[in-house]
Amino acid sequence: QVIDASDLWLLPGVIDSHVHFRDPGLTHKGDIESESKAALAGGVTSFIDMPNTIPPTTSIAALEEKRKTASEKAWTNFGFFLGATPDNLNELIQADNQRFAGIKIYYGSTTGNMMVNKEVVQKLMTSSNHLLVVHAEDDAVIQRNMASYREQFGEELPFSYHPMIRSVEACYKATSALVEMAMRHRSRLHIAHVSTANELALFDGSKPLAEKQITAETCVPYLWFDQRDYDRLGARLKSNPAIKSENDRKALLQALASNKIDTIATDHAPHLLDEKQGSYFNVPSGIPSVQYALPVMLELVRNGQVSIEKVLEKMCYAPATLFRIHRRGYIRKGFYADMVLVDPNNPWTISDETTLSKCRWSPFAGTQLHARITHTFVNGKIKFENGAVHDQRNGQALLFNVK
Ligand code: NCD
Ligand code: ZN
Ligand code: ZN
């Protein structure tokens with residue numbers, strides 16, 4: 001097959017290292033088939049899925065079950081995190097670290113009730129050499145903020161208060177404590193979804209990624225939206241940590257350039273639109289974004305807010321380096337290609353109808369973008385072409401921590 005790629009950009013496939021595909025147990029919101037298809041359409045060729053499913057991925061058996069499901073249903077390459085609980089430490093230590101990306105720690109409350117305390121984190125840092133990926137928000141600060149706002153405003157709190165409840169202070173307090181602990185124990189720590197300017201002071205942009213002990217992720221919604229968007233989007237934008245101010249957003253964009261932020265993921269966290277209706281405290285947190293992450297970042301490139309080199313470094317190269325990803329399917333002197341063809345100047349508007357995620361809505365609906373994904377190649381084969389997916393799935397399990 002010959003593709004006329006004149007005027008198109010050929011980019012490496014995106015590795016989205018933070019998604020919630022909801023499979024098993026929450027498959028009314030999304031499943032590995034539906035969400036990986038949305039990923040494919042967005043130029044994402046590998047995903048790494050979080051453990052807050054039902055059952056949670058906190059045992060080797062649950063991990064193997066997920067890997068089996070994905071090998072039957074994934075449109076892209078795939079990997080998983082194991083989640084920490086107060087009592088699965090031995091299981092985590094024994095697990096073959098090539099079969100999962102790292103250990104996810106919920107140090108802060110969010111979807112799935114998997115929060116653990118400082119003692120558990122400490123134990124993990126002293127006894128495991130797996131990469132620890134942490135959701136960092138100080139729950140005592142959040143509880144205090146909730147109580148004080150409840151007292152002042154009752155249940156009719158507007159969603160624009162979310163950043164004050166899931167505050168800058170809650171993020172900074174948890175992230176600084178974790179960074180300090182990791183330095184003390186010399187353990188590898190990756191802070192998930194960094195959302196504030198303040199936290200950036202805790203990261204070092206001067207070393208190459210492969211030599212860093214402490215690394216940081218931010219996610220596309222924090223680079224695109226800010227506080228002003230709550231007026232328009234309300235609960236749709238409710239996410240933990242909260243999307244914060246314009247100042248925070250700009251600082252995060254700059255931190256890509258200064259290498260204080262190492263990876264960009266999506267934190268794709270679908271909930272049904274029905275579930276996103278209701279009073280502030282009852283609406284679940286999480287935003288679907290996997291399908292539009294790359295086109296949205298390319299729009300920021302077009303607007304001069306970030307360079308194309310940084311986008312590709314943080315979305316493709318850095319996750320591969322950080323999680324030491326390798327693939328099966330080695331051919332002589334290389335690997336089968338995961339690539340994307342992009343038409344950089346072909347304006348279109350995102351809508352719920354263009355959205356392939358099972359939830360069928362997007363916070364980006366109504367946004368006009370210029371870049372379109374025309375082709376996505378997974379393992380050397382065209383799997384997405386001009387709006388259509390191609391016959392058989394060929395996603396493969398990623399291998400992690402390969403030296
Ligand atoms: C995520 C979810 O819904 O699974 N929600 C969110 O607000 N980001 C969980 C998480 O990443 O904290
Ligand atoms: Zn989280
Ligand atoms: Zn998440």
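Both ligands and their constituent atoms are indexed starting at 1 by order of listing. Remember, it's a predicted structure, so these values are computed and weren't measured experimentally.
- Note: Asn259 CG to Ser206 OG = 9.5 Å, rounded to the nearest 0.5 Å.
- Here Glu35 does not pair with Lys29 in a salt bridge; the nearest charged N to carboxylate O distance is not below 4.0 Å.
- Within Asp267, OD1 is the N, O or S atom that lies nearest to the Zn ion (ligand 3).
- The nearest N/O/S atom of His20 to the Zn ion (ligand 3) is NE2.
- Close approach of ligand 1 to Asp267 (heavy-atom distance below 4.0 Å) involves ligand atoms 8 (N), 11 (O).
- The closest approach between any non-hydrogen atom of Met50 and ligand 1 is not below 4.0 Å.
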Go through it in stages, so that I can follow the logic: the residues are His20 and His268, the test is ring pair (Phe, Tyr, Trp, His ring centres under 6.0 Å), and I'd like the CA-CA distance, side-chain angles, deciding distance and then a yes or no.
CA-CA 6 Å; His20 303 266; His268 175 76; 8.6 Å; no
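- When each atom of ligand 1 is checked for a heavy atom of His193 under 4.0 Å away, the hits are 11 (O), 12 (O).
- Atom ND1 is the N/O/S atom of His135 found closest to the Zn ion (ligand 2).
- In terms of N/O distances under 3.5 Å, ligand 1 is not approached by Tyr106.
- The Zn ion (ligand 2) has no N, O or S atom of His18 inside 2.8 Å of it.
- Every heavy atom of Lys238 sits 4.0 Å or more from the atoms of ligand 1.
- Shown in contact with His271 at under 4.0 Å from a heavy atom are these atoms of ligand 1, numbered in order with element: 3 (O).
- Annotation: cation-pi pair Lys66/Phe78 absent, no NZ/CZ under 6.0 Å from the ring centroid and within 45° of its normal.
- Polar contact with ligand 1: absent for Lys104 (N/O pair, distance under 3.5 Å).
- When each of His271, Glu275, Lys358 is tested with His28 by the rule side-chain hydrogen bond (donor to acceptor under 3.5 Å, both in side chains), just one qualifies, namely Glu275.
- Close contacts of ligand 1 with Ala269, meaning ligand atoms under 4.0 Å from a residue heavy atom, involve 1 (C), 2 (C), 3 (O).
- Test Leu132, Ile214, Thr263 against His190 for side-chain contact (heavy atoms from CB on, under 4.5 Å) and you get one pass: Thr263.
- For Arg150 and Phe281, the positive end sits near the middle of the six-membered ring, less than 6.0 Å away and at most 45° from its axis.
- When ring centroids are compared, Phe21 and Phe47 come within the 6.0 Å threshold.
- Residue His18 approaches ligand 1 through these ligand atoms, each under 4.0 Å from one of its heavy atoms: 11 (O).
- Taking the six-membered ring for Trp, Phe100 and His130 have ring centres closer than 6.0 Å.
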